[in-house]
Amino acid sequence: MKIWFAESGTVGEKIYAVADGTVIETAFEKIYGNNIIVDLGDDILIKYGHLQEIKVSEGDEIRQGQVIGTLGQTGMEWQQILICHLQ
């Protein structure tokens, strides 16, 4: 099962982790721009895309509510938006 959601806002706005987890990838991709993939456990991953700035590194253990990046307009996006993909 996959779940997608998007939230618009202001460039530079803080992005907070939705749950505890382990950062397994930070990268730039053509479509998602600057993005973070977090392993939440139980075979659940979340991808945060279109970030202006990434404030975590691969291997970091993060906590719910921790600032992990800032909202941006990177990749193939025409507006300031955060895309999250749960898988």
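Remember, predicted model here, so these are calculated numbers, not experimental data.
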Check: If every non-hydrogen atom of H50 is compared with every non-hydrogen atom of G33, which pair is closest and at what distance?
Finding: ND1-N, 4.4 Å
Margin query: Under the side chain to side chain contact (heavy atoms under 4.5 Å, CB included) test against V23, which residue among I68, I62, I37, I54 passes?
Written below: I62
Note to self: Test: salt bridge (charged side-chain N to carboxylate O under 4.0 Å, His left out). Region: residues 25-42. Which pairs qualify, not counting sequence neighbours?
What the structure shows: E29-K47
Next item on the list: Report whether V56 and F28 are members of the same hydrophobic cluster (ILVMFWY, side-chain heavy atoms less than 4.5 Å apart, transitive linking).
Entry: no
Checklist line | Closest approach of A17 to R63 (non-hydrogen atoms, all atoms of both residues) | finding: CB-O, 3.5 Å
Next item on the list: For the residue pair I15 and V67, establish whether any side-chain heavy-atom pair is separated by less than 4.5 Å.
Entry: no
Notebook entry, point to check: Step by step, would you call V38 with I24 a side chain to side chain contact (heavy atoms under 4.5 Å, CB included)?
Noted result: CA-CA 6 Å; V38 178; I24 60 170; over 6 Å; no
Item checked: Backbone N/O of T26 and side chain of E58: donor-acceptor pair under 3.5 Å -> yes
Check: Would a 4.5 Å heavy-atom cut-off, applied to side chains only, mark N35 and L51 as touching?
Finding: no
Item checked: Inter-residue atom distance L71.CG - T10.OG1, 0.5 Å rounding -> 7.5 Å
Check: Roughly how far, to the nearest 0.5 Å, is the CG atom of N34 from the OG1 atom of T70?
Finding: 8.5 Å
